[in-house]
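See structure below.
The structure displayed is predicted, hence computed values, not measured ones.
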Amino acid sequence: PFPAMPTPPASRHVAPFPLYSLTPLPGGLLVLAGGSGRMKSGIPNGLALYSLAAARFAPLAYTFLHDIVTSAAFLPAPPVAAPGNGGEDISHAGTLLAVTGSALHAYPYAPEYDVLYEPSPPKPDPEKISRVAIAPPTSPEAPARALLALSSGEIRVQTYPGSAAPLGAFREHANAGIADLDVCGELVVSCGTDRGCWIWRLDAIGEGGQKVAAAAPAKGVHVRCARWGLLRGEPVL
C-alpha cells in the first residue's frame, strides 16, 4: 500500500518520498516522482498521479520502482468527447513516462486505475538517460515526440512510441549532464551542468539554438530548472 502521509496545512502538501520531478497537467493533476535510490532506508522510489482538486491529497494512481525516478512526463491519449460535457475530453487518460537509471519506463493510465502497471520491461539504452520530455502531436495524424537527455549531453528527439531512427539531436551541451528540459509547442529550453541554458526548436534541430545570456553568472553554478509559461498567449521563459 501507498505510505500514509501526515496531514499538512491546506496550502502545503507532503509527498512520501524526496521529489526529483514535479509535472503539472491540465485539469489540476500533478505527477510526482522521486525516491531515495537503491539505499535500504525505508524511503520508497515512487511515481504517483495526484489531483489538486481533491479534498484529500492522496494519489489517484501510483507505482513503486527499484531505483530513483529522476524525471517524468505525461503523454495524453487521443481526446474522447465526454457526453453532457460540451464535447470536452475530461478522461485524463494517457501514458506516464519515468526515467530510472538508464531506462525509460512507460505506464498506461486511465481514470479507473489506482495502481500503475508496466506492460513490458523497457529495453536498456546503451547511453544513460537522465531526463525525458514529451512534445504532444501537432495534429491528430502526427506522432508525439520524445526528448531524451543522454549522459553525453546530447538530447535525442524521436517519435513516441519509439522509432528505429531518431528525428535528430541537439548537441550544444557537449559532454555535460542535462539538468532540465521543457517543451512549449516547437520551443525547447534545456539546462546543462556546463552552465549553459539554451532555447532551440524541434522543427529546426540541426540549426543550433540561442543561448540564454548570463543564465548562471556565478562560477560553478548551473541552472537546474527552467519552465515555459504563457503570457497573453505568447511563450515566456
Side-chain angles (χ1 to χ4, degrees), residues 21-33 47-49 60-61 63 69-82 87-100 102-111 113 116-125 127 129-150 154-171 178 180-191 198-207 209 226-230 235 237:
S21 176
L22 186 153
T23 306
L25 304 176
L29 297 182
L30 194 64
V31 179
L32 302 184
L47 175 70
L49 182 67
L60 302 175
T63 188
V69 183
T70 57
S71 180
F74 185 79
L75 174 62
V80 177
E88 182 183 357
D89 176 38
I90 56 171
S91 67
H92 300 305
T95 302
L96 279 164
L97 303 174
V99 174
T100 65
S102 61
L104 178 65
H105 302 261
Y107 299 91
Y109 171 73
Y113 299 174
L116 299 169
Y117 292 103
E118 192 169 25
S120 58
K123 296 179 181 179
D125 196 292
E127 291 197 69
I129 301 172
S130 61
R131 293 287 183 271
V132 60
I134 285 287
T138 54
S139 70
E141 298 77 23
R145 290 159 293 176
L147 286 72
L148 303 176
L150 308 178
E154 175 179 304
I155 301 171
R156 189 170 64 206
V157 182
Q158 63 186 54
T159 57
Y160 187 86
S163 60
L167 300 174
F170 185 77
R171 298 186 174 91
I178 304 301
D180 201 17
L181 282 173
D182 196 35
V183 183
C184 179
E186 295 297 305
L187 287 172
V188 182
V189 60
S190 55
C191 309
W198 289 84
I199 296 172
W200 47 285
R201 297 187 62 90
L202 287 170
D203 54 5
I205 302 173
E207 299 179 12
R227 285 292 178 268
W228 291 107
L230 292 176
L237 182 63

Exercise. Is the shortest distance from a Lys or Arg side-chain nitrogen in E154 or R171 to a carboxylate oxygen in the other one below 4.0 Å?
Worked result: yes
Pairwise distance [atom1]([X]) to [atom2]([Y]) - rounded to 0.5 angstrom:
{"X": "W200", "Y": "L187", "atom1": "CH2", "atom2": "CG", "value": "10.5 Å"}
{"X": "L150", "Y": "S130", "atom1": "CG", "atom2": "OG", "value": "7.5 Å"}
{"X": "D182", "Y": "T23", "atom1": "CG", "atom2": "OG1", "value": "9.0 Å"}
{"X": "T70", "Y": "R131", "atom1": "OG1", "atom2": "CZ", "value": "5.0 Å"}
{"X": "L148", "Y": "I178", "atom1": "CG", "atom2": "CD1", "value": "12.0 Å"}
{"X": "L237", "Y": "C184", "atom1": "CG", "atom2": "SG", "value": "10.0 Å"}

Problem set entry | Intermediate values then yes/no, side-chain contact (heavy atoms from CB on, under 4.5 Å), V189 and W228 | CA-CA 8 Å; V189 60; W228 291 107; 3.5 Å; yes
If I compare all heavy atoms of [X] with all of [Y], which pair ends up nearest, and what's the gap?
{"X": "A33", "Y": "A72", "answer": "CB-CB, 4.0 Å"}
{"X": "A226", "Y": "C191", "answer": "CB-SG, 3.6 Å"}
{"X": "S190", "Y": "I155", "answer": "CB-CD1, 3.5 Å"}
{"X": "A144", "Y": "L75", "answer": "CB-CD1, 3.6 Å"}
{"X": "A133", "Y": "A73", "answer": "CA-CB, 4.3 Å"}

For this session: Evaluate the side-chain contact (heavy atoms from CB on, under 4.5 Å) criterion for residues L49 and L30: first the C-alpha distance (whole Å), next the side-chain angles of each, then the deciding distance (0.1 Å), finally the verdict.
Result: CA-CA 6 Å; L49 182 67; L30 194 64; over 6 Å; no
In the structure I gave you, are the side-chain heavy atoms of [X] and [Y] within less than 4.5 Å of one another anywhere?
{"X": "H105", "Y": "L97", "value": "no"}
{"X": "F170", "Y": "V157", "value": "no"}
{"X": "L202", "Y": "R145", "value": "yes"}
{"X": "T95", "Y": "F74", "value": "no"}
{"X": "I199", "Y": "V188", "value": "no"}
{"X": "Y113", "Y": "L60", "value": "no"}
{"X": "L147", "Y": "V132", "value": "no"}
{"X": "T159", "Y": "L167", "value": "yes"}

For this session: Look only at the side chain of E186 and the backbone of D203, and say whether a donor-acceptor pair between them is shorter than 3.5 Å.
Result: yes
For this session: Before giving the answer on side-chain contact (heavy atoms from CB on, under 4.5 Å), spell out for T63 and Y117 the whole-Å C-alpha distance, their side-chain angles and the decisive distance to 0.1 Å.
Result: CA-CA 7 Å; T63 188; Y117 292 103; over 6 Å; no
Exercise. Run the side-chain contact (heavy atoms from CB on, under 4.5 Å) check on Y107 and L47 step by step: do they pass?
Worked result: CA-CA 10 Å; Y107 299 91; L47 175 70; 3.7 Å; yes
